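This report refers to the structure that appears directly beneath it.
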Number of protein chains: 2
Amino acid sequence: MDKKEIAFKILSENGLKYTEPRKILIEFLSEDENKHLTPEEIYDKLNPDYPNLGIATVYRNLQNFENLGIVQRLNLGDGVSRFELAELVEDVHQHHHLVCINCDKLIEVKGDLLGELEEKIENLYDFKIIDHDLKFYGYCGECEEKKDR
Amino acid sequence: MDKKEIAFKILSENGLKYTEPRKILIEFLSEDENKHLTPEEIYDKLNPDYPNLGIATVYRNLQNFENLGIVQRLNLGDGVSRFELAELVEDVHQHHHLVCINCDKLIEVKGDLLGELEEKIENLYDFKIIDHDLKFYGYCGECEEKKDR
DNA sequence: TTCCTTGCAAACTTTTTGCAGCCTT
DNA sequence: AAGGCTGCAAAAAGTTTGCAAGGAA
């Protein structure tokens with residue numbers, strides 16, 4: 001069972017209907033991993049093939065998907081939400097992002113790097129950690145090179 | 001020299017004029033640490049005392065201050081920017097935030113917890129890290145307690 | 001048949017911008 | 001005096017909502 005199928009299963013388990021727009025969106029997101037597109041970008045890319053898909057439907061379903069944990073919303077601080085299909089398999093491995101402050105490239109860091117840190121913080125601050133959000137800002141290899149010249 | 005004075009020094013060093021709105025804003029932010037207010041909240045709080053301060057001026061100057069490193073913009077994922085006076089002293093110590101997903105309380109974690117992790121990532125991903133953004137989401141002590149009952 | 005879902009358009013919210021006049025330098 | 005800065009209002013950008021028609025269960 002791949003991600004797409006898991007996603008549809010989650011939808012039906014939660015009483016959400018299997019509609020054309022949802023099919024299109026999940027299909028698109030699963031083909032399009034690591035792109036971290038905004039709702040508008042998703043809408044624009046789908047529009048040629050599905051001209052009567054409305055942008056409100058894109059927003060509404062991304063919101064639905066987020067509520068169900070099917071997608072993850074990224075906030076890179078540029079005033080827009082970006083979405084990616086969430087890890088839906090058993091061994092959920094967290095990942096983090098490197099954002100290039102010169103060319104805006106987005107690089108993924110695989111692996112949960114914060115396990116022991118979270119334990120420390122939970123004890124120190126009396127806080128039960130459920131999730132985290134970690135982003136590094138800096139220069140990617142290419143941009144760093146250009147800077148030196 | 002306290003934060004406020006350092007902030008004004010940075011302004012003048014960068015050719016920004018010493019105007020009434022900037023004075024009001026920096027004064028307010030330095031009195032109001034750890035509040036993490038939105039531009040609108042800042043505007044509303046200042047409005048009774050300074051009724052002709054415009055909200056555009058608040059936005060413009062928060063942006064200016066951010067560019068100069070005087071304030072830090074927080075993005076908690078609720079669709080608004082929040083601001084706090086940055087650490088302006090020599091030994092800049094990073095801090096991170098714990099966000100309670102039940103009551104929205106914001107707790108600060110002092111200390112830069114990511115030093116060695118950053119080194120690893122820089123080598124592994126050929127990426128020069130300049131800054132990072134780390135937030136933990138979970139339940140604060142109070143809300144965790146309430147959940148059990 | 002029921003009622004969830006959609007597309008469209010309008011509304012809302014947050015942030016940015018244009019402009020004429022004012023104020024710091 | 002010069003040019004940056006302000007307040008106001010309008011515009012822009014991103015997102016949400018109301019509603020009637022359509023489609024899945």
Side-chain angles (χ1 to χ4, degrees), chain A residues 7-28 36-68 70-83 104, chain B residues 7-28 36-68 70-83 104:
Chain A
F8 288 128
K9 184 159 166 267
I10 294 175
L11 285 185
S12 85
E13 282 170 358
N14 290 88
L16 298 208
K17 291 180 178 166
Y18 182 72
T19 65
E20 194 65 14
R22 285 176 186 154
K23 202 171 98 187
I24 292 166
L25 281 169
I26 288 180
E27 202 124 340
F28 178 75
H36 313 96
L37 299 178
T38 66
E40 196 145 355
E41 286 166 347
I42 293 170
Y43 171 81
D44 287 344
K45 290 213 172 196
L46 289 172
N47 189 261
D49 291 334
Y50 309 97
N52 52 359
L53 169 67
I55 193 158
T57 301
V58 173
Y59 273 101
R60 271 188 291 230
N61 280 308
L62 289 172
Q63 179 65 66
N64 287 336
F65 296 169
E66 187 193 12
N67 294 153
L68 298 176
I70 294 173
V71 302
Q72 206 182 330
R73 183 190 298 258
L74 300 180
N75 205 319
L76 269 33
D78 57 353
V80 270
S81 291
R82 294 168 183 281
F83 292 86
D104 293 329
Chain B
F8 288 129
K9 183 157 165 268
I10 294 175
L11 285 184
S12 84
E13 282 169 357
N14 286 278
L16 298 207
K17 290 180 177 164
Y18 183 72
T19 65
E20 194 64 15
R22 287 177 183 151
K23 202 172 98 186
I24 293 167
L25 282 168
I26 288 179
E27 202 122 342
F28 178 75
H36 313 95
L37 299 176
T38 66
E40 195 145 355
E41 286 167 346
I42 293 171
Y43 171 80
D44 287 344
K45 291 214 173 196
L46 289 173
N47 189 260
D49 291 334
Y50 309 98
N52 51 359
L53 170 67
I55 193 157
T57 301
V58 174
Y59 273 100
R60 272 188 290 231
N61 279 309
L62 288 172
Q63 180 66 67
N64 287 336
F65 296 169
E66 187 192 12
N67 294 153
L68 298 177
I70 294 173
V71 302
Q72 206 181 329
R73 183 190 298 257
L74 300 179
N75 204 320
L76 268 36
D78 57 353
V80 269
S81 291
R82 293 168 184 281
F83 292 85
D104 294 328

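Nothing here was measured: the structure is a model prediction, and the numbers come from that model. Each chain gets a letter, A, B and so on, in the order its sequence line appears, and its residues count up from 1.
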Which heavy atom of [X] sits nearest to which heavy atom of [Y], and what is that distance?
{"X": "B:Asn75", "Y": "B:Val80", "answer": "OD1-O, 4.4 Å"}
{"X": "A:Pro39", "Y": "A:Ser81", "answer": "CD-O, 3.2 Å"}
{"X": "B:Ile70", "Y": "B:Ala7", "answer": "CD1-O, 3.6 Å"}
{"X": "B:Arg82", "Y": "B:Glu41", "answer": "NH1-OE1, 3.8 Å"}

**OP:** Please determine if a side-chain N or O atom of B:Tyr59 lies less than 4.0 Å away from the OP1 or OP2 oxygen of C:dT15.
**Re:** yes
Original post:
Roughly how many Å is it from CG in B:Leu37 to P in C:dT14, rounded to a whole number?
Top reply: 14 Å
Original post:
Any side-chain heavy atom of B:Ile24 within less than 4.5 Å of one from B:Asp49?
Top reply: no
**OP:** Please examine the side chains of B:Leu11 and B:Phe65, heavy atoms only from C-beta on, and report whether any two atoms are closer than 4.5 Å.
**Re:** yes
Original post:
When rounded to the nearest 0.5 angstrom, what is the spacing between OG1 in A:Thr38 and CG in A:Leu76?
Top reply: 11.5 Å
Identify each atom pair where a protein N or O and an N or O of nucleotides 4-9 of chain C are less than 3.5 Å apart, giving names and distance.
from  : atom 1 : to      : atom 2 : distance (Å)
C:dC4 : O4'    : A:Lys17 : NZ     : 3.1
C:dT5 : OP1    : A:Lys17 : N      : 3.1
C:dT5 : OP1    : A:Arg22 : NH1    : 2.8
C:dT5 : OP1    : A:Arg22 : NH2    : 3.4
C:dT6 : OP1    : A:Thr19 : OG1    : 2.9
C:dT6 : OP1    : A:Asn61 : ND2    : 3.4
C:dT6 : OP2    : A:Asn61 : ND2    : 3.4
C:dG7 : OP1    : A:Asn52 : O      : 2.8
C:dG7 : OP2    : A:Gly54 : N      : 3.2
C:dG7 : OP2    : A:Thr57 : OG1    : 2.3
C:dG7 : O5'    : A:Asn52 : O      : 3.1
C:dG7 : N7     : A:Arg60 : NH2    : 2.9
C:dG7 : O6     : A:Arg60 : NH1    : 3.4
C:dG7 : O6     : A:Arg60 : NH2    : 3.2

Original post:
Between A:Tyr18 and A:Asp78, which has a closest nucleotide on DNA chain D that is more 5'?
Top reply: A:Asp78
Subject >> End-to-end axis angle, where each axis spans five pairs of the helix from C:dT1-D:dA25 to C:dT25-D:dA1, to 10° >> reply: 40°
**OP:** Under 4.0 Å between any heavy atoms, over every strand shown, what does A:Thr38 touch: base, sugar-phosphate, or nothing? Just pick one.
**Re:** nothing
Which atom pairs, donor and acceptor, lie under 3.5 Å between side-chain atoms of residues 52-62 of chain A and protein residues at least two apart or in another chain?
from    : atom 1 : to      : atom 2 : distance (Å)
A:Asn61 : OD1    : A:Arg22 : NE     : 2.8
A:Asn61 : OD1    : A:Asn64 : ND2    : 3.1
A:Asn61 : ND2    : A:Thr57 : O      : 3.2

Original post:
Who are the side chain to side chain donor-acceptor pair (under 3.5 Å) partners of B:Lys17, not counting sequence neighbours?
Top reply: none
Subject >> ring-ring contact (aromatic ring centres under 6.0 Å, His included) involving A:Tyr18 - partner list, sequence neighbours excluded >> reply: A:Phe8
Original post:
Which is the 5'-most and which the 3'-most nucleotide of DNA chain D that has an atom under 4.0 Å from a heavy atom of chain B?
Top reply: D:dG3 to D:dA9
